[in-house]
Number of protein chains: 2
Amino acid sequence: MPVTAEPTASTKREEILEAAEAMIRTRGYNAFSTRDVADAVGIKAASVHYYFPTKADIGSAVTERYTARFIDELGDSGRFEGKPKEAVARYVDAFRRALVHDRKLCLCAVLGAEVGGLPENVSGHTRIFFERNLNWLTAAIRGKGMSKEKALGMATLVLASLEGAMILSKSLNDDEVFERVAEGLSRAIPVAELD
Amino acid sequence: MPVTAEPTASTKREEILEAAEAMIRTRGYNAFSTRDVADAVGIKAASVHYYFPTKADIGSAVTERYTARFIDELGDSGRFEGKPKEAVARYVDAFRRALVHDRKLCLCAVLGAEVGGLPENVSGHTRIFFERNLNWLTAAIRGKGMSKEKALGMATLVLASLEGAMILSKSLNDDEVFERVAEGLSRAIPVAELD
DNA sequence: GTCTATAATTTGATAGAC
DNA sequence: GTCTATCAAATTATAGAC
């Protein structure tokens with residue numbers, strides 16, 4: 001295996017996706033151009049179209065890749081069977097990493113907010129991100145004896161809270177906002193188990 | 001008082017703000033143009049600049065107006081003293097109206113998600129929206145004997161959940177998602193009061 | 001694969017007539 | 001107040017050379 005100069009994106013194609021993702025997560029889909037991406041990876045705008053015919057194709061590939069990575073990092077939802085608190089803690093950590101480590105919003109919080117102004121293949125993959133996350137969370141939260149409706153309700157609250165928390169934290173430029181939401185969730189979850 | 005053709009926007013200036021708000025809440029700030037707004041209100045793009053020198057001025061005025069209207073509709077936060085459940089129910093209703101009646105996201109959910117791609121006066125007013133909402137909610141939730149930190153924690157969770165719930169509902173095209181979050185909140189709140 | 005050149009369109013904004 | 005005319009810049013994309 002050769003030593004590469006870019007540890008995080010080994011091919012130009014991936015460098016493009018990496019740069020585009022960073023820009024979308026910072027400014028939104030309609031605030032970056034193929035030129036911006038080209039500059040960021042050191043090629044000309046026309047060359048970007050060699051890898052992706054249209055801008056929408058970039059957005060679509062970015063979202064697909066983001067979703068796969070995110071779900072993959074969560075790991076097997078089955079291991080939390082009957083331990084909703086741990087499942088939620090694990091999930092909160094994934095979002096905290098995105099906000100604190102990357103200093104950026106969740107890609108799909110941004111795309112979801114702009115959904116009426118997106119090409120169809122981008123909004124479609126945004127929807128899939130949310131569906132897969134609700135599926136993972138519902139499975140991870142649900143224990144024996146807990147109804148599927150109840151688990152889905154908790155999962156939806158967790159996902160919505162965290163996406164909103166990221167937006168609030170960024171807008172107010174205060175990571176503490178995210179932590180307040182995380183703490184509020186950890187209080188709410190065990191209680192909801194009881195009834 | 002004369003009968004007007006437009007019950008919701010009596011002057012051209014307000015028509016512009018109304019149209020711009022609708023577009024931002026649907027597509028995002030960077031996906032509408034002064035021409036789009038001009039078309040919507042039946043004038044030429046150049047005439048829009050008579051009312052607002054720059055596009056950023058439109059965005060800023062839209063956000064200021066939205067914030068004032070939203071806080072105004074909530075009414076006096078003092079009347080919920082010691083009744084957090086009722087305060088939150090009232091607040092949830094305000095968001096539900098925006099989503100179900102307007103069929104649109106909260107303006108500041110959209111702007112907050114795009115915050116890195118906004119002119120400074122627009123991101124500034126977005127921040128103010130969130131600050132004023134947290135202030136209102138904290139005051140409405142807090143009863144005698146409840147610490148300010150605790151009320152602020154609940155307020156942050158409520159605001160984040162609802163902003164996130166709108167994004168999820170729109171992306172998944174399912175109002176039930178919002179209702180699941182609303183129900184989850186109403187379970188979480190009374191419990192949090194106890195300790 | 002990457003480039004230059006170029007095209008068609010859109011965008012935010014201004015000048016000045018009416 | 002609203003218009004026409006106009007502009008410079010940006011944007012998405014294509015054609016074709018190297």
Side-chain angles (χ1 to χ4, degrees), chain A residues 2 4-6 9-24 26-63 110-111 114 116-123 125, chain B residues 2 4-6 9-24 26-63 110-111 114 116-123 125:
Chain A
T4 61
E6 306 85 9
S10 48
T11 72
K12 198 106 270 186
R13 197 192 132 95
E14 281 200 43
E15 279 183 67
I16 290 169
L17 293 179
E18 190 76 21
E21 180 188 313
M23 289 176 194
I24 298 173
T26 305
R27 324 171 189 163
Y29 178 82
N30 289 299
F32 87 96
S33 70
T34 50
R35 249 173 176 79
D36 294 332
V37 174
D39 288 349
V41 305
I43 59 178
K44 294 294 175 181
S47 302
V48 172
H49 291 292
Y50 168 78
Y51 297 97
F52 301 96
T54 70
K55 181 182 169 178
D57 291 324
I58 301 177
S60 176
V62 163
T63 313
V110 180
L111 295 178
E114 297 179 300
L118 300 178
E120 259 190 33
N121 50 352
V122 181
S123 59
H125 280 293
Chain B
T4 60
E6 307 87 7
S10 48
T11 71
K12 199 105 271 186
R13 196 192 133 95
E14 281 200 42
E15 280 182 66
I16 290 169
L17 294 179
E18 190 77 19
E21 180 187 314
M23 289 177 195
I24 297 173
T26 305
R27 323 173 190 162
Y29 178 82
N30 289 298
F32 86 95
S33 71
T34 50
R35 251 169 175 83
D36 293 332
V37 173
D39 289 348
V41 305
I43 59 178
K44 294 295 175 180
S47 303
V48 172
H49 291 292
Y50 167 79
Y51 297 98
F52 301 96
T54 68
K55 181 183 170 178
D57 291 323
I58 301 177
S60 177
V62 164
T63 313
V110 180
L111 295 178
E114 295 179 300
L118 300 179
E120 258 190 34
N121 49 352
V122 180
S123 58
H125 279 294

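Chain letters run A, B, ... following the sequence lines, proteins first and then strands; every chain starts at 1.
Residues forming a ring pair (Phe, Tyr, Trp, His ring centres under 6.0 Å) with B/F32 (at least two apart in sequence, or on another chain): B/Y29. Remark: B/H125 pairs with B/S60, B/T63, B/E64, B/I128 by the side-chain contact (heavy atoms from CB on, under 4.5 Å) rule, at least two apart or across chains. Qualifying side-chain contact (heavy atoms from CB on, under 4.5 Å) partners for A/A40, counting only residues two or more places apart in sequence or in other chains: A/A19, A/M23.
A pairwise comparison of heavy atoms in B/G28 and B/V110 identifies CA-CG1, 3.6 Å as the closest pair.
Following rounding to the nearest Å, B/N30 (CG) and D/dT12 (C1') show an atom-to-atom distance of 16 Å. Distance NZ (B/K44) to C1' (D/dT2): 11 Å, rounded to an integer number of Å. Taking atom CZ of residue A/F52 and atom C1' of nucleotide D/dT14, one finds them 18 Å apart after rounding to whole Å. When rounded to the nearest whole Å, the span between CG of A/D39 and P of D/dT12 equals 13 Å. Whole-Å rounding puts the B/Y51 OH to D/dG1 P distance at 6 Å.
Listed by first then second residue, pairs satisfying salt bridge (Lys or Arg N to Asp or Glu O under 4.0 Å) with a partner in residues 40-61 of chain A number zero, not counting sequence neighbours. Within the structure, salt bridge (Lys or Arg N to Asp or Glu O under 4.0 Å) contacts touching residues 27-37 of chain B (residues at least two apart or in different chains) are B/R27-B/D36.
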task = Sugar-phosphate atoms are those with a prime plus P, OP1 and OP2; base atoms are the rest. Using that split, label each nucleotide of nucleotides 11-18 of chain C B, S or - for protein heavy atoms under 4.0 Å, 5' to 3'.
result = BSBB----
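Residue B/S47 places at least one side-chain N or O under 4.0 Å from the OP1 or OP2 atom of D/dC3. One finds a side-chain N or O of B/Y50 lying less than 4.0 angstrom from the OP1 or OP2 phosphate oxygen of D/dG1.
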